[in-house]
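Have a look at the structure below, then the notes.
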Amino acid sequence: EEMAAACYEATSVGRITLAHVYTPQSILNALRAGVRSIEHGNFLDEESAAAMRHAGAFFVPTLTTYTLISAHGAAQGIPRKMIDKIDKAKAGGLESLKLAQAAGLEICSGSDVLGAMQPFKAMELGLKAQVLGAHGAILSATRSNARLFGLADEIGSVEEGKRADLILVDGQPTDDISVLQDARNVHLVMRDGTIFKDLVTHG
């Protein structure tokens with residue numbers, strides 16, 4: 001009832017709600033309450049994926065954080081039993097992404113990394129590309145995220161009348177997604193038509 005009340009209040013001012021959930025039952029509970037963005041969802045199954053599709057809910061898998069904790073958690077003092085749980089979530093994340101794609105869900109992009117892991121946010125693109133392909137991974141972080149935020153009329157794609165939020169990179173990301181994971185490849189950054197970084201003319 002509390003979740004439903006929160007969702008009602010959000011929709012009354014034109015917003016949607018998100019929930020950090022993992023299991024099929026928690027996803028179904030959230031959807032019934034009116035949640036329309038599922039974060040993590042590492043153990044999504046066919047029933048919960050179909051329910052998300054029916055509700056028009058967005059899916060925001062966050063693969064990077066599990067990959068990083070699995071690889072570096074022991075060195076940071078995280079107990080082995082916790083890393084074992086992370087490894088299960090890591091494996092489940094990729095399987096859930098495959099299910100989400102098969103169900104035709106709107107897949108968005110988030111990394112869930114914090115603190116010292118912030119520089120690894122772009123790893124998410126490469127992880128998603130394993131399932132979605134490079135183009136699909138890029139769309140998850142641009143067009144789909146814009147739709148999630150309710151900003152599809154302003155950002156998310158290169159179209160007349162939208163904000164000029166653009167980057168120019170050295171390489172072809174749809175052939176090699178890792179191009180977007182190294183800041184040295186980003187030669188130009190433009191936000192809302194204003195250039196903030198320019199190595200093309202000032203390199």
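Basis for what follows: all heavy atoms, side chains included, without hydrogens, waters or symmetry-related copies.
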Should Ile107 and Leu139 be regarded as members of a common hydrophobic cluster, given that ILVMFWY residues are connected when their side-chain heavy atoms come within less than 4.5 Å of each other, either directly or indirectly? no
With no hydrogens and no angle check, do the side chains of Ser26 and Thr23 hold a donor and an acceptor under 3.5 Å apart? yes
Do Leu28 and Phe59 belong to the same hydrophobic cluster, where Ile, Leu, Val, Met, Phe, Trp and Tyr are linked whenever their side-chain heavy atoms lie under 4.5 Å apart, directly or via other members? no
Any donor-acceptor pair under 3.5 Å from Asp165 side chain to Arg191 backbone: no
Name the orientation class of the two ring planes belonging to Phe43 and Tyr22 (parallel below 30°, tilted from 30 to 60°, perpendicular beyond 60°). tilted
Ignoring hydrogens and angles, state whether a donor on the side chain of Thr194 or Asp192 is under 3.5 Å from an acceptor on the partner side chain. no
Between Ile167 and Val169, does a side-chain contact (heavy atoms from CB on, under 4.5 Å) hold up when you go through it step by step? CA-CA 6 Å; Ile167 62 171; Val169 298; 3.8 Å; yes
Can a salt bridge be assigned to the pair Lys162 and Glu154 using a cut-off of 4.0 Å between side-chain N and carboxylate O? no
Minimum side-chain heavy-atom gap Leu31-Arg36 below 4.5 Å: yes
Using the rule given for side-chain contact (heavy atoms from CB on, under 4.5 Å), can you reason through Ile16 versus Leu148, listing the C-alpha separation, both sets of side-chain angles and the distance that settles it, and then say yes or no? CA-CA 9 Å; Ile16 67 170; Leu148 170 61; 3.7 Å; yes
pair Leu132-Gln101: side-chain heavy atoms closer than 4.5 Å: yes
Classify the side-chain pair Asp198/Thr201 by whether it contains a donor and acceptor separated by less than 3.5 Å. yes
Out of curiosity, does Leu63 fall in the hydrophobic cluster containing Ile69 (side-chain heavy atoms, cut-off under 4.5 Å, transitive links)? no
If you look only at pairs with a residue in residues 83-106, which of them pass as a salt bridge (charged side-chain N to carboxylate O under 4.0 Å, His left out), with sequence neighbours excluded? Arg80-Asp84, Arg80-Asp87, Glu95-Lys98, Glu106-Arg147
Trace of the side-chain contact (heavy atoms from CB on, under 4.5 Å) decision for Leu94 with Gln130: CA-CA 8 Å; Leu94 281 175; Gln130 295 177 36; 3.8 Å; yes
Worked check of side-chain contact (heavy atoms from CB on, under 4.5 Å) between Thr64 and Lys121: CA-CA 7 Å; Thr64 304; Lys121 279 187 174 182; over 6 Å; no
Hphob cluster co-occupancy, Leu105 + Leu18, side-chain heavy atoms under 4.5 angstrom: no
Same cluster (ILVMFWY, side-chain, under 4.5 Å), Ile78 and Leu68: no
